[in-house]
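Single-structure report; data block below.
Counting starts at 1 for both ligands and their atoms, following the listed order. Residue numbers count from 1 along this sequence.
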Amino acid sequence: MEVSSRIKELREEIQKHDYHYYILDAPLISDASYDRLMQELKKLEEECPQYITADSPTQRVAGKASEKFSPVRHRFPLLSLDNAFSYQDLLEFDRRVGRVTRTLSYMAELKIDGVSIALVYENGVLLNAATRGDGLVGEDVTANIRTIKTIPLRLRYSLPRLEVRGEIFMPKQEFIRLNEEKEEKGERVFANPRNAAAGSLRQLDPRITAGRALSAFVYDIIYMEGQNLAEQQEAWHFMQELGLPVNPEVRFCADINAVLAFTEEYAEKRHELPYEIDGVVVKLNTLAEREELGATARSPRWAMAYKFPAEEKETRLLGVEINVGRTGIIAPTALLEPVFLAGTTVSRASMHNFDLVKEKDLRIGDMVLLHKAGDIIPEIIASLPEKRSGEERVIMPPENCPACDSKVARFAGEVAYRCENINCPARLKESLIFFASRGAMDIDGLGSAVIEQLVDKEMVKRIDDLYRLREEEITALERMGPKSAANLIKAIDESKSRPPSRLLTALGIRHIGARSAKILSRHIHDIDDFYKLGVENLTSIPEIGPKMAESIVNFFAEPRNRETIENLKALGVNTREEAIEAGEQLLQGKTFVLTGTLPSLTRQQASEMIESRGGKVSNSVSKKTSYVVAGDDPGSKLDKAQQLGLTILDEAGFLNLLGLS
Ligand code: IVH
């Protein structure tokens, strides 16, 4: 078969499976079979890039990060909805509609709490996607919308033109995951899934959006050519047929009472849904009658949004518990007088970080207003200062770690306070997993399952205990025979002679990864020397920024960490770079020419890196040039280098040559 026909066939096949998986929620094949189809398509497209089209399922994350979003004028203004806050308001709406129309049947839908979006398909292919903006002009977020897997890049049937409206949302689970990740990095968390969805959609780099599991529902046809529909119910079926993600939780309601019943039902069920809703949308079902009713400047007269009452409760903040997370982050948890809220009894709430505690001015003894972020995570919205008696106590960040008493550190630009002691019992398992990992001390056979047992059985209470383990102790562990125990002891023993840059990485110092550890060890040959260095000494090393320097100084200032290093040394772990001289002069006698802009290094940094290794940097290309390092927009030096047949490196190649990648 011709490659182009196979590509076409694969795309149709994948599109079919996407439809069954994402829209019908009834996959036809296993994930592995699906992956095989995708791999085959990727391979064929790589071999024959001339056949790649924008609607290919491989092209969801295409294009580069942009500078900003361009404005898009909507062809039809995107109206907003009038709000109803009581059943009374809904009955009133029904009476108003009844004055103009004969039928009073409705579609009741869920009001998804996300970001409103308009999608335009031309000849069946997704052309653009824009946010609502002010209703007239929105922002072009096409590149980001393309990364959302539930949104088809091509419809199942072609229409000349289709414009639909829908909602982009972040499922509750993804919201929790993302916030946990942010908390671990010491970053600010999103207040609710809507903000998280909006924030993710506003990323200039579509790869970031692609990493957040956003999803979508479409709920209205704004404009269509090539098909006539009479009812909203029909429109729902038609959009589903086209392969668009429609929400299955909708109901045809023969009268307004049925709408009230739907609303009642979902006021309960909402907490079980995997996404957050903030109400119910009622729409007149007959499309011709919608035309008759028309719209005000702001909103249509044929629809209404019923807003659920806010689920908030007042309760008393009884105390604060301070916990150390597995990565050393120290976070406050509120202890509350138990209250029933959004389906469960709540007695604790994460306060995330001490900045938020201060911002919200929360005090022990306060009456506070509580809600659930993302409908799941209990959270204090605010304190109620008017209810204070004067007995309340201000909450301060701790100076010492509650688990090990080390001094607590805080890094510039982060909201979190951290325990910096690698042996802190709260962090120990995580410290050990990292210590033994491949890029660090690379101890084969020391994975999380073994570490779990070693720590739980108190055989390892601190990192250096690893080097005190005896074979017979290890043999006694679960799933460990004498042979694997012997291998593990051997692997631990071998790790003692890793270069000190590995040890430096393994210590898990914040902001110091494998690459910066290598750079540091080229300048600082003995780990002991770090004790004496200040921020200024460290930042004078090329590529070591103030954040890294501060982190190193903090780490070595902690006596418990120094003690650990002393112990490791006494147990035979290598802390000195012996072969440094040869390494330093790696580039002796070599001449480099730099041209163009490198992706991450400045010219200055690259030059220093060459010179510190004994190489020379020259401005002009000649036969004597050993290497030309070329970035973007390189200019004539690159042409000349090519003519002379010189070795040309990109940044990755350059770093590789220096042994830094
Ligand atoms: S219909 C003209 N249906 O609620 C009709 N809107 O204040 C326009 N929303 O901006 C909207 N779920 O972002 C409709 N099932 C649903 C919806 C929905 C959420 C949002 C939408 C709109 C806001 C109304």
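- In this structure, F169 has its ring center under 6.0 Å from that of F217.
- Ligand 1 has no nitrogen or oxygen under 3.5 angstrom from a nitrogen or oxygen of R132.
- Nearest to atom 21 (C) of ligand 1 among the protein's heavy atoms is Y219 OH, 3.1 Å.
- Polar contact check, W302 against ligand 1: no nitrogen or oxygen pair lies under 3.5 Å apart.
- Only the side chain of E167 comes within 4.0 Å of ligand 1, judged by heavy-atom distances.
- Regarding atom 12 (N) of ligand 1, its nearest protein heavy-atom neighbour is I112 N, 3.1 Å.
- For D220, no nitrogen or oxygen atom sits less than 3.5 Å from a nitrogen or oxygen atom of ligand 1, counting backbone and side chain alike.
- A cation-pi arrangement is present between R75 and Y223 under the rule of less than 6.0 angstrom and at most 45 degrees off the ring axis.
- An N or O contact shorter than 3.5 Å links L110 to ligand 1 by distance.
- Salt bridge status for K68 with D140: absent, with no side-chain N to carboxylate O gap under 4.0 Å.
- Considering only non-hydrogen protein atoms, atom 22 (C) of ligand 1 sits nearest to R165 NH2, 3.6 Å.
- D255 contributes no side-chain N or O that, together with a main-chain N or O of L104, makes up a donor-acceptor pair within less than 3.5 Å.
- Looking only at distances, a side-chain donor or acceptor of T131 sits under 3.5 Å from a matching main-chain atom of E139.
- The contact set between ligand 1 and V281, taken as ligand atoms under 4.0 Å from a residue heavy atom, comprises 3 (N), 16 (C), 17 (C).
- Comment: K182 engages E187 in a salt bridge, judged by a side-chain N to carboxylate O separation of less than 4.0 angstrom.
- Listed by number with element, the atoms of ligand 1 under 4.0 angstrom from any heavy atom of K283 are 1 (S), 3 (N), 14 (C).
- Within the 4.0 Å heavy-atom shell around ligand 1 one finds S80.
- Contact annotation for L81 and ligand 1: heavy atoms of both the backbone and the side chain come within less than 4.0 Å of the ligand.
- The residue from R96, K283, E92 that alone fulfils the side chain to side chain contact (heavy atoms under 4.5 Å, CB included) condition with M304 is R96.
- Cation-pi check for K16 over Y19 is not met; the charged atom does not lie both under 6.0 angstrom from the ring centroid and within 45 degrees of its normal.
- An N or O contact shorter than 3.5 Å is missing between P300 and ligand 1 by distance.
- Here is the list of ligand 1 atoms found below 4.0 Å of a heavy atom in E109: 3 (N), 15 (N), 16 (C).
- One finds the NE2 atom of H352 at 6.5 Å from the NZ atom of K360 (value rounded to the nearest 0.5 Å).
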